[in-house]
Amino acid sequence: MNTPPTSPGSVAASSAPTLALPGLHHVTAMASDPQRNVAFYTEVLGLRLVKKTVNFDDPTTYHLYYGDSAGTPGTILTFFPWAGLRRGRPGNGQVYATSFSIHTESLAFWTAHLAAQHVTATRDTDRFGDAVLRFNDPDGLILELVATSAPDARTGHTHPSIPAQHALRGFHGVTIAVIDAPRTQALLTGPMGYRVVATAGGRIRLAPPAGGPGTFVDLLVDPALPRGLNGAGTVHHLAFRTPNDATQAEARATLLGLGYHVSPVMDRNYFHSIYYREPEGVLFEIATDPPGFTVDESSATLGTSLRLPAQYEAHRVEIEAALPKLT
Ligand code: ZN
């Protein structure tokens, strides 16, 4: 949806108010096989399936949410698994890589665990002092584990085959691949309230004032990267947190005032969302922290049964019959 404003460079000089965006809310990506997706994220990575619902715009498709035990914003990776969807190509104009935070002492565990699970992982160049382990999910989505000594009190989700101290704690951040960084940087450092916290080579790291794991957005300028193509194994959009409906309304008004084409507020049941495209084409979302994933099932049973929004509940039988079975 939406096209970039005609003069996005103007955001840099704007004196518009700064949005209250304390970090990342979720990342949504595309997959081709829901069962394989569930197996990888719950059994290999040890995340909790915190919500099994449908794509609200296409109820013949699942929308699967993974995260920590409670589905805390900043830990949530979600998928639209379209059966048979052709593979995309990670590249410029996309969220190129999604990174999870682990303790520095967890690197050896994860190196061995991924190998045991037949997942090929490579040690990337250390990034701002942190070791980075990179691998792909079954659809080719680029994932990273960032072993960081930065404070991160999040505990992730407990899985029987992953010692609690090694659990993925939630996002470390994302890397957006761009052809031209200044316009995206201006949006982030202007109205979105981020600031540059580190730069090395072609990578610019941005964070909101509180910063830390779960908040980082890296802009990567790599001339070797192709133009990204959407499809399985690529990111659909990136969502930032906002505390509540009022702060979201302020954000929407500010972005509209700057010439961005911003969607109306969408009720996603577990949060409320607005969408707009940043200048390089990446779809951004601003999502409220409340009401959260326990709005329609208990914390003990998150993700165990198909949840439908009210508008689809009357069609539950047909919808369940059309969806592939998940175990
Ligand atoms: Zn979203």
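Read the numbers this way: they start at 1 and go in the same order the structure lists the ligands and their atoms. For the numbers below, each heavy atom of this structure counts, side chains included, while hydrogens, waters and symmetry mates do not.
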Quiz item: Do Arg252 and Thr254 meet the criterion of a side-chain donor-acceptor pair at a distance under 3.5 Å?
Solution: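 The criterion, which ignores hydrogens and geometry beyond distance, is not satisfied for Thr254 and Arg252.
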
Practice problem: Working to the nearest 0.5 Å, report the span between CD1 of Ile142 and CG of Asn136. | Solution: 6.0 Å

Quiz prompt | N, O or S atoms of the protein lying under 2.8 Å from the Zn ion (ligand 1) | solution =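 Under 2.8 Å from the Zn ion (ligand 1) - ignoring waters, which are not counted - the protein N, O or S atoms are His26 NE2, His237 NE2, Glu285 OE1.
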
Exercise. Taking all non-hydrogen atoms of both residues into account, name the closest pair between Phe293 and Ala70 and its distance.
Key: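 So the minimum-distance heavy-atom pair works out to CD1-O, 4.2 Å.
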
Hey, is the main chain of [Y] close enough, under 3.5 Å, to the side chain of [X] for a donor-acceptor pair?
X      : Y      : value
Asp139 : Ala31  : no
Gln94  : Val235 : no
Ser298 : Thr301 : yes

